[in-house]
Amino acid sequence: MRNPDAIFKGTHAVNSSIVEHLRSAGRLDRMFVDGEWVVPDTQARAAVVDPSTEAPVAEIALGSASDVAAAVAAARRAFPTWSVSSAQSRGLFLDRIHTLILERAELFAQAISLEMGAAIGFARSTQVPSAAQHIRVARDNLASYAFLTHRGDMAILREAIGVCGLITPWNWPLYQITAKVGPALAAGCTVVLKPSELSPLSALLFAEVMQDAGIPPGVFNLVNGSGPEVGAALAGHPDVDMISITGSTRAGVLVAQAAAPTVKRVAQELGGKSPNLILPDADLARAVPPGVAAAFRNVGQSCSAPTRMIVPRARLEEVERIALEAVSRIVVGDPRSERTTHGPVANRAQFNRVQEMIGVGIAEGARLIGGGLGRPEALSRGFYCRPTLFTAVHPHMQIAQEEIFGPVLALIPYDSVDEAVEIANGTVYGLGAHVQGEDLGAARAVAARIRSGQVHINYPAWNPHAPFGGYKRSGNGREYGIEGLEEYLETKAILGFQDASTAPTRSTAC
């Protein structure tokens with residue numbers, strides 16, 4: 001990108017400037033393949049819609065199976081050289097990528113706010129910095145990782161799995177890209193990225209970062225397109241060695257089915273219906289407001305959002321009061337406003353889904369005590385939803401079982417801790433969970449009983465080194481940290497490698 005600081009200035013003007021830059025640079029109608037911006041084989045296009053106005057702001061080119069084939073071929077050509085490059089050289093590339101993301105943080109924040117409606121303050125404070133952290137962690141883990149270890153006269157070699165197809169969603173567009181691209185490149189893999197066609201602007205800016213970082217041709221490739229066209233072609237391609245997808249459980253199943261004939265590795269980070277279990281001894285003033293904030297973070301559009309707050313029945317009324325107070329402090333509005341804490345949901349389909357599920361909750365007999373159907377007052381257009389609070393929710397209601405992916409929180413009462421744990425585990429999902437309690441030993445014991453890939457006790461700070469992934473229908477495999485790096489590695493045992501007495505104990509060289 002040429003002189004970004006000179007191009008992009010001002011909160012209100014910058015969104016149109018981003019689109020104009022991408023248009024004038026020829027990014028909107030091209031793919032990034034083999035180190036070049038190339039015209040796709042088809043004339044298919046998709047509108048990028050500003051969810052705060054419902055108006056199209058840009059149009060991007062959509063790729064096809066032939067574009068996927070070209071990108072995979074480029075990645076396959078680049079793999080033999082990149083996979084045996086030194087950890088130090090790959091780390092230098094990751095360091096450049098990390099630096100460029102931070103330098104262009106405001107560009108990314110504005111793009112994310114425009115394409116999926118994140119409040120600009122949230123995009124600046126969380127969406128972009130967290131994305132940069134994934135690159136930093138991949139760089140740091142690479143510097144210390146032992147790709148070669150010894151066990152007696154046997155060598156254990158961890159080596160890059162190959163060409164990786166990466167499929168990312170619209171809700172955390174840059175964050176999910178870096179969570180996959182960072183460790184894949186660190187491992188020595190080459191990649192073909194398919195970002196969501198609903199939030200593609202930040203992905204195009206990321207491809208510019210990769211180009212400006214000097215990444216070798218073919219190591220990173222980007223093909224925009226739909227799931228049924230580009231995603232399926234990527235999953236089924238025989239020269240793709242691994243697919244990593246973040247998306248709905250339905251999308252994960254389809255990708256796994258497409259990948260099955262070629263027996264490639266499939267890593268899936270899918271849906272969730274995460275519990276927040278408030279133990280009887282919890283200080284409600286400290287336990288409930290952060291729980292509301294966590295459930296509504298990113299307007300509830302997070303697969304690990306704790307949207308089931310499981311509370312002692314004897315304390316339900318107190319929880320309701322505190323939760324309502326917390327909801328009243330939410331400011332829904334124009335995502336470009338500094339005052340706004342929560343913008344719209346990201347697209348029309350998601351808006352319709354949230355409205356439908358609020359209606360289902362009412363029809364099921366859950367007690368609506370905050371929010372409800374329709375937009376907030378004074379907002380006549382845009383995909384804005386009212387932060388909604390249901391109480392006296394039965395664990396078997398749809399709103400307690402199905403992922404809504406919007407600002408809807410269910411308060412579910414329990415009579416015993418055993419019942420609370422049963423409720424927490426009583427869905428098909430197992431991605432994230434929270435436990436709140438004053439007795440840390442009791443909280444730890446409950447955390448150990450919850451079937452999910454992550455459990456947070458008393459709202460700890462986000463840790464990019466913590467492995468993240470699901471039990472049950474929330475997926476398989478892990479992202480973030482060392483486990484995220486190892487997802488992109490194969491394990492090779494070499495027997496008779498050398499005498500154990502002369503073997504080094506560890507090495508970081510590939």
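All residue numbers refer to positions in the sequence shown, counting from 1. Remember, predicted model here, so these are calculated numbers, not experimental data.
Partners of Tyr471 by ring pair (Phe, Tyr, Trp, His ring centres under 6.0 Å), not counting sequence neighbours: none found. Judged as a side-chain hydrogen bond (donor to acceptor under 3.5 Å, both in side chains), and not counting sequence neighbours, Tyr384 has no contacts. Applying the ring pair (Phe, Tyr, Trp, His ring centres under 6.0 Å) rule to His342 yields no partners; only residues at least two apart in sequence or on another chain are considered. For Ala44, the side chain to side chain contact (heavy atoms under 4.5 Å, CB included) partners at least two apart in sequence or on another chain are Thr42, Leu62. The side chain to side chain contact (heavy atoms under 4.5 Å, CB included) check on Ala251 picks up Ile245, Ser248, with sequence neighbours excluded. Remark: Gln398 pairs with Glu402 by the side-chain hydrogen bond (donor to acceptor under 3.5 Å, both in side chains) rule, at least two apart or across chains. Remark: Arg451 engages no residue in a salt bridge (Lys or Arg N to Asp or Glu O under 4.0 Å) (not counting sequence neighbours). Under the rule for a ring pair (Phe, Tyr, Trp, His ring centres under 6.0 Å), the partners of Phe32 that lie at least two apart in sequence or sit in another chain are Trp37. Among residues two or more places apart in sequence or in another chain, the ring pair (Phe, Tyr, Trp, His ring centres under 6.0 Å) test is passed with His394 by His396. The side-chain hydrogen bond (donor to acceptor under 3.5 Å, both in side chains) check on Gln301 picks up nothing, with sequence neighbours excluded.
Counting only N and O atoms by type, the side chains of Ser302 and Trp172 include a donor and acceptor under 3.5 Å apart. Defined by atom type and a distance below 3.5 Å, a donor-acceptor pair is missing between the side-chain atoms of Glu197 and Asn224. Side chain to side chain, Arg336 and Ser52 meet the donor-acceptor criterion of an N or O pair below 3.5 Å.
Using bins of under 30°, 30° to 60° and over 60° for the plane-to-plane angle, the ring pair His434/Tyr459 lands in the tilted bin. Ring geometry for Phe383 versus Phe351: interplanar angle of 30 to 60°, hence tilted.
Among residue pairs with one or both ends in residues 270-286, those qualifying as salt bridge (Lys or Arg N to Asp or Glu O under 4.0 Å) are Asp283-Arg286, Arg286-Glu438; sequence neighbours excluded. Contacts classified as salt bridge (Lys or Arg N to Asp or Glu O under 4.0 Å) and involving residues 411-423 (residues at least two apart or in different chains) are given here: Arg313-Asp415, Asp418-Arg449.
Rounded to the nearest 0.5 angstrom, Leu411 CG and Ile369 CD1 are separated by 5.5 Å.
A salt bridge does not link Glu103 to Arg96: none of the charged nitrogens lies less than 4.0 Å from a carboxylate oxygen.
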Could you walk me through whether Glu338 and Arg124 pass the salt bridge (Lys or Arg N to Asp or Glu O under 4.0 Å) test, one step at a time?
CA-CA 11 Å; Glu338 304 284 349; Arg124 288 170 176 157; 3.0 Å; yes

